[in-house]
Asker: 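Right, I'll just put the structure down here and ask away after.
All residue numbers refer to positions in the sequence shown, counting from 1. Just so it is clear, the model here is predicted, and its values are computed rather than measured. As a basis for the values below, the full set of heavy atoms in this structure was taken, side chains included, without hydrogen atoms, waters or symmetry mates.
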Amino acid sequence: MNAPAYIGRFAPTPSGYLHFGSLVAALASYLDARAAGGRWLLRMEDLDPPREVPGAQDAILSTLDSYGLQWDGELVRQSQRHAEYQALVERLLQQGLAYACTCSRKQLEGCHGIYPGTCRDAGHSPQNAAIRLRVPNLSYAFSDRVQGEYRQHLGREVGDFVIRRRDGFYAYQLAVVLDDAWQGMTDVVRGADLLDSTPRQLYLQELLGLAQPRYLHVPLIIQPDGHKLGKAYRSPPLPTDRAAPLLVRALHALGQEPPGELERARPPELLAWAVRHWDVGRIPRCRTLAEAQLR
Ligand code: GLU
Ligand code: ZN
């Protein structure tokens with residue numbers, strides 16, 4: 001069987017409801033997949049039960065539904081994939097590619113988020129410890145379809161990073177790489193807040209012998225007060241009764257130029273227009289975009 005030419009996804013975290021910034025990312029990945037005649041999958045990244053907002057999963061699904069963003073196939077939940085993540089963590093530990101870290105948050109203060117390698121050769125037991133992946137002292141680069149060349153030195157700018165937390169939950173970086181490969185993603189379209197996660201993901205792909213998808217990072221929408229519309233910021237759910245105007249607004253954020261009358265169209269009709277006219281070349285080549293600057 002031939003591998004499909006395009007498989008993309010939207011991968012929300014239920015630590016909050018979908019907000020305008022997530023709509024922009026969801027819409028971009030949907031349009032890119034549909035314009036390529038590809039599949040568009042939905043994966044719930046419910047890796048962090050302590051931070052999950054009750055009801056957020058259902059709210060996300062019904063928002064996508066009322067905005068006409070129909071996904072293909074079965075919804076995948078990362079909470080159902082622990083056995084796979086655990087097997088990988090064990091393998092990496094056995095191969096000496098990962099190690100247990102017992103550093104407290106306090107001990108890591110002043111490291112500016114770059115792990116100094118304290119526990120690299122300590123030989124701690126993995127019980128009750130975080131597991132970190134050793135990174136090579138190399139820089140990883142890729143060519144983003146919108147943002148262009150992006151490069152990061154894993155040793156100097158990131159350090160050995162956590163793949164399983166001390167509380168036993170798995171880290172986003174590990175799960176996203178494993179699942180994107182398992183689901184056969186050819187394309188990752190997401191918000192530019194994840195640009196600086198991509199080199200870690202490239203390293204994991206290389207380590208595991210997985211294919212590298214193409215990447216497209218769309219601008220992150222920020223609020224007038226500088227708040228990024230993201231996980232940390234509890235924004236209200238998107239209204240379900242104003243889908244068309246908000247989709248039009250999201251299209252503007254993506255540099256597309258929908259005719260004004262589409263605001264009165266039904267989401268399916270609006271999305272059909274947007275698929276036909278999808279032009280990646282018009283997406284603003286910036287990392288953030290102020291919501292207030294949008295029409
Ligand atoms: N779950 C991540 C988020 O909501 C996105 C993961 C991804 O697209 O790679 O920020
Ligand atoms: Zn440590």
Side-chain angles (χ1 to χ4, degrees), residues 6-46 53 55-77 187-194 216-223 228-231 233-280 282-284 289 291 294-295:
Y6 190 114
I7 304 179
R9 88 303 197 266
F10 180 53
T13 301
S15 58
Y17 303 113
L18 294 187
H19 45 71
F20 183 67
S22 24
L23 177 65
V24 170
L27 181 62
S29 71
Y30 173 89
L31 294 176
D32 200 53
R34 295 292 182 237
R39 286 171 62 74
W40 188 64
L41 310 183
L42 180 64
R43 183 173 68 227
M44 194 60 73
E45 301 210 318
D46 51 352
V53 170
Q57 293 208 20
D58 286 344
I60 289 170
L61 302 184
S62 66
T63 302
L64 290 173
D65 199 49
S66 55
Y67 281 68
L69 298 168
Q70 247 164 38
W71 62 93
D72 298 311
E74 290 279 307
L75 164 70
V76 164
R77 287 193 168 85
D187 286 81
V188 169
V189 176
R190 59 187 178 190
D193 52 333
L194 293 166
L216 190 168
H217 288 85
V218 298
L220 188 71
I221 306 298
I222 51 173
Q223 294 271 286
K228 97 175 193 187
L229 278 177
K231 291 190 257 304
Y233 181 69
R234 286 284 150 78
S235 26
L238 285 165
T240 47
D241 58 342
R242 289 200 306 129
L246 281 163
L247 282 166
V248 165
R249 198 146 197 255
L251 285 173
H252 284 294
L254 292 166
Q256 315 296 302
E257 293 184 346
E261 63 267 21
L262 276 185
E263 297 219 354
R264 288 179 300 278
R266 315 260 319 137
E269 191 189 327
L270 193 160
L271 291 171
W273 179 92
V275 168
R276 274 198 312 277
H277 295 86
W278 178 237
D279 184 354
V280 170
R282 307 184 75 102
I283 301 174
L289 213 56
E291 194 176 0
L294 297 171
R295 248 198 37 168

Asker: Do you know which two heavy atoms are closest between G68 and Y30, and how far apart they sit?
Answerer: O-OH, 4.1 Å
Asker: Which residues pass the salt bridge (Lys or Arg N to Asp or Glu O under 4.0 Å) test with D187, not counting sequence neighbours?
Answerer: R145, R214
Asker: Once salt bridge (Lys or Arg N to Asp or Glu O under 4.0 Å) is applied, do any residues pair with R190, and if so which ones, sequence neighbours excluded?
Answerer: none
Asker: Could you check T63 against I60 for side-chain contact (heavy atoms from CB on, under 4.5 Å), going step by step and ending with a plain yes or no?
Answerer: CA-CA 5 Å; T63 302; I60 289 170; 5.8 Å; no
Asker: Any idea which heavy atoms bring W71 and L41 closest together, and the distance?
Answerer: CB-C, 4.4 Å
Asker: Can you give the donor-acceptor pairs under 3.5 Å from side chains of residues 266-275 to other protein atoms, not counting sequence neighbours?
Answerer:
{"unit_1": "W273", "atom_1": "NE1", "unit_2": "H277", "atom_2": "ND1", "d": "3.2"}

Asker: Please report the closest heavy-atom contact between P14 and Q57, naming both atoms and the distance.
Answerer: CB-CG, 3.6 Å
Asker: Could you pull out the closest heavy-atom pair between A35 and W278, with the gap in Å?
Answerer: CB-CD1, 3.7 Å
Asker: Quick one: pull up CZ in F10 and CG in L64 and give me the separation to the nearest 0.5 Å.
Answerer: 6.0 Å
Asker: Apply side-chain contact (heavy atoms from CB on, under 4.5 Å) to residues F20 and L294 and explain how you reach the verdict.
Answerer: CA-CA 12 Å; F20 183 67; L294 297 171; 3.5 Å; yes
Asker: Any side-chain heavy-atom pair from L42 and P12 closer than 4.5 angstrom?
Answerer: yes
Asker: Which heavy atom of Y17 sits nearest to which heavy atom of A56, and what is that distance?
Answerer: CE2-CA, 4.0 Å
Asker: Given side-chain contact (heavy atoms from CB on, under 4.5 Å), test I221 with L23 step by step and report yes or no.
Answerer: CA-CA 10 Å; I221 306 298; L23 177 65; over 6 Å; no
Asker: Quick check: do Y6 and D32 have side-chain heavy atoms less than 4.5 Å from each other?
Answerer: yes
Asker: Can you see which heavy atom on A33 is nearest to which on R39, and at what distance?
Answerer: CB-O, 3.7 Å
Asker: List the atom pairs, with distances to 0.1 Å, where a side-chain N or O of residues 243-256 and a protein N or O form a donor-acceptor pair under 3.5 Å, not counting sequence neighbours.
Answerer:
{"unit_1": "R249", "atom_1": "NE", "unit_2": "R295", "atom_2": "O", "d": "3.2"}
{"unit_1": "R249", "atom_1": "NH1", "unit_2": "E291", "atom_2": "OE2", "d": "3.0"}
{"unit_1": "H252", "atom_1": "NE2", "unit_2": "R295", "atom_2": "NH2", "d": "3.4"}
{"unit_1": "Q256", "atom_1": "OE1", "unit_2": "D279", "atom_2": "N", "d": "2.9"}
{"unit_1": "Q256", "atom_1": "NE2", "unit_2": "L254", "atom_2": "O", "d": "2.9"}
{"unit_1": "Q256", "atom_1": "NE2", "unit_2": "D279", "atom_2": "O", "d": "2.9"}

Asker: Rounded to the nearest 0.5 Å, how far apart are CD1 of I222 and CG of L289?
Answerer: 8.0 Å
Asker: Please collect all salt bridge (Lys or Arg N to Asp or Glu O under 4.0 Å) contacts where either partner lies in residues 10-31, sequence neighbours excluded, each pair once.
Answerer: none
Asker: CG of L220 to OG of S22: how many Å apart, nearest 0.5 Å?
Answerer: 10.0 Å
Asker: Below 4.5 Å, heavy atoms only, C-beta onward: do P219 and I283 meet side chain to side chain?
Answerer: yes
Asker: Name the one of V280, L31, L216 that satisfies side chain to side chain contact (heavy atoms under 4.5 Å, CB included) with V189?
Answerer: L216
Asker: Among residues two or more places apart or on two chains, list those pairs meeting salt bridge (Lys or Arg N to Asp or Glu O under 4.0 Å) that have a residue in residues 61-75.
Answerer: R34-D72
